[in-house]
Amino acid sequence: MIGTYLLVIFSTFFAHSHPNPVIQKKLSTAVTAEVPDTLLAKTDSTIKIADTAILKTIDTGMVRVLGGTFVMGGKENNFDVWSIPAHTVTVNNFRISKYLVTQAIWTAIMDTNPSAFKNCPQCPVEKVSWNDVQKFIARLNQLTGLKYRLPTEAEWEYACHGGVKTRGYKYAGATYPIGWSQENSGGRTHPVAQRVDNELGLFDMMGNVWEWCADWYGPYKKDALKNPTGPATGTNRVIRGCAWNVTVQAARIIMRSPQAPDMRTSDVGFRLARDY
């Protein structure tokens, strides 16, 4: 038997945060989706019927990205010491979420909200370590039967550039900084999808919060690579995308930084990826 539920929570949640009235109308329309009993059987007492709707919308929010070859890294100013040398990278097809994982989604899966900027369910979850994120993903995969993961650093940068649809912008989706940064954030995170999306329809790729990637952090090499996954071991993981407390001068696509996998800060969150 198939259980049918209205996906009102998530669609209304984005509609209220989106500045475009046409998109508001589209997102506020109730969407009917069918959730198999096999999915419901995997849920437990902490997962409510409303939360199963959120599980479904996570999948529908994934964007299919056609693989390709691009130049990763480079040097544009003194902020780019970790982004050199520029090198050619090829990635296969993959999927990546349009949106950062929000406090509402994290709470639905983990039954807790660790964020510093609470009372904002549509804001990105933060104060989650790389290790915390792995627990979230394991639980999400158990509940859905799917194989979500973090994007590799190469996948993240390729998607931020716009993939095969890239227009060659220095910033995500524009020739000028458009994300939440130190200059316009008011010292905090903001609801997702309020700024302009990039060529692939991805929101908040630059600014709001840094994003965990799957890779261990390591220096770039000049060799051409195919589907790189970073060093085999390391001390720090990679974060990308800059955040609400980073200046616009630094907040560019190629910017990268190391962070300890057990560190929780109010400027780091994540988005999900999946194989194609």
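Residues: numbered from 1 along the sequence shown.
- A donor atom on one side chain and an acceptor atom on the other are found under 3.5 Å apart for Trp156 and Glu211.
- Considering Arg95, Arg149, Lys147 in turn, Arg149 is the only one that fulfils the salt bridge (charged side-chain N to carboxylate O under 4.0 Å, His left out) rule with Asp275.
- Asn236 and Gln259 are not linked by any side-chain donor-acceptor pair at a separation below 3.5 angstrom, with hydrogens and angles left out of the test.
- Cys120 has its side chain within reach of Pro191: a pair of non-hydrogen atoms, C-beta onward, lies under 4.5 Å apart.
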Notebook entry, point to check: What do the steps show when you test Leu202 against Asp197 for side chain to side chain contact (heavy atoms under 4.5 Å, CB included), and what is the final call?
Noted result: CA-CA 5 Å; Leu202 308 178; Asp197 56 344; 5.8 Å; no
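- Between the side chain of Arg188 and the main chain of Ser185, no donor-acceptor pair closer than 3.5 Å is present.
- One finds no salt bridge joining Glu155 and Arg240 here, because no Lys/Arg side-chain nitrogen approaches an Asp/Glu carboxylate oxygen to under 4.0 Å.
- Under the 4.5 Å side-chain criterion, counting only non-hydrogen atoms from C-beta, Leu200 is in contact with Lys165.
- The backbone N or O of Gly145 sits nowhere less than 3.5 Å from a side-chain atom of Asn141 that would complete a donor-acceptor pair.
- With sequence neighbours left out, Arg237 forms a salt bridge (charged side-chain N to carboxylate O under 4.0 Å, His left out) with no residue at all.
- No side-chain donor-acceptor contact under 3.5 Å links Glu199 to the backbone of Gly163.
- Residues Pro228 and Asp215 come closest through the heavy atom pair O-OD2, 4.3 Å.
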Checklist line | Phe136 vs Val128, side chain to side chain contact (heavy atoms under 4.5 Å, CB included): CA-CA, chis, key distance, verdict | finding: CA-CA 10 Å; Phe136 170 92; Val128 290; over 6 Å; no
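- Trp130 places none of its side-chain heavy atoms less than 4.5 Å from the side chain of Val268.
- Between the CG atom of Asp59 and the CE atom of Met62 there is a distance of 7.5 Å, given to the nearest 0.5 Å.
- At least one side-chain heavy atom of Asp267 sits less than 4.5 Å from a side-chain heavy atom of Asn245.
- Ring geometry for Phe270 versus Trp106: interplanar angle over 60°, hence perpendicular rather than tilted (30 to 60°).
- Atoms CD1 and CD1, from Ile105 and Ile54 in turn, are 6.5 Å apart once rounded to the nearest 0.5 Å.
- To the nearest 0.5 angstrom, Asn113 atom CG is 4.5 Å from Gln103 atom CD.
- Val246 and Ala250 make their closest contact through CG1-CB, 3.7 Å (heavy atoms, listed as atom of the first residue, atom of the second, distance).
- Here the SG-CG distance, from Cys160 to Asn198, works out to 6.5 Å after rounding to the nearest 0.5 Å.
- Two residues are said to be in side-chain contact when any heavy atoms from C-beta on lie closer than 4.5 Å; Trp210 and Cys242 meet this criterion.
- The heavy-atom pair separating Tyr158 from Leu66 by the smallest distance is OH-O, 2.8 Å.
- Under the 4.5 Å side-chain heavy-atom criterion for ILVMFWY residues, no single connected hydrophobic cluster contains both Met263 and Trp216.
- Pairing each heavy atom of Gly218 with each of Pro231, the nearest pair is CA-CG, 3.8 Å.
- Salt bridge annotation for Arg271-Asp204: absent, with no cationic side-chain nitrogen under 4.0 angstrom from a carboxylate oxygen.
- The CD atom of Gln182 sits 9.0 Å away from atom CH2 of Trp244, with the distance rounded to the nearest 0.5 Å.
- By the 30° and 60° cut-offs, the orientation of the rings of Trp82 relative to Tyr217 is perpendicular.
- Between Phe203 and Tyr99, the ring centre distance stays below 6.0 Å.
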Check: Which is it for Trp180 and Arg195 under the side chain to side chain contact (heavy atoms under 4.5 Å, CB included) test, yes or no, and what are the steps along the way?
Finding: CA-CA 8 Å; Trp180 295 113; Arg195 312 299 287 178; 3.5 Å; yes
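- The shortest distance between side-chain heavy atoms of Thr189 and Val209 falls below 4.5 Å.
- The two residues Val71 and Ala86 have their closest heavy-atom pair at CG1-CB, 3.8 Å.
- Applying the salt bridge (charged side-chain N to carboxylate O under 4.0 Å, His left out) rule to pairs touching residues 116-137 yields Asp132-Arg264, sequence neighbours excluded.
- No continuous path of ILVMFWY side-chain contacts below 4.5 Å connects Ile84 to Ile253, so the two sit in separate hydrophobic clusters.
- Counting heavy atoms from C-beta outward, Leu150 and Ile137 have side chains that approach closer than 4.5 Å.
- Looking at Thr152, its side chain never comes within 3.5 Å of a backbone N or O of Ala214 through a donor-acceptor pair.
- A donor-acceptor pair under 3.5 Å is absent between the side-chain atoms of Tyr148 and the main chain of Leu140, judged by distance alone.
- Annotation for Asn119: atom CG does not count as buried by contact number, only 12 or fewer foreign heavy atoms lying within 6.0 Å.
- Put simply, the side chain of Leu272 does not reach to within 4.5 Å of the side chain of Ile96, judged on heavy atoms.
- No donor-acceptor pair under 3.5 Å is formed between the side chain of His87 and the backbone N or O of Leu225.
- When only modelled atom types and interatomic distance are considered, Ser129 and Asn131 share no side-chain donor-acceptor pair under 3.5 Å.
- In this structure, CE on Met72 lies 6.5 Å from CZ on Arg256, to the nearest 0.5 angstrom.
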Margin query: Please evaluate residues Thr88 and Thr69 with respect to the criterion side chain to side chain contact (heavy atoms under 4.5 Å, CB included), reporting the C-alpha separation (whole Å), side-chain torsions for both, the decisive distance (0.1 Å), and the verdict.
Written below: CA-CA 7 Å; Thr88 301; Thr69 300; 3.3 Å; yes
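- In this model, a donor atom of one side chain and an acceptor atom of the other lie less than 3.5 Å apart for Glu153 and Tyr220.
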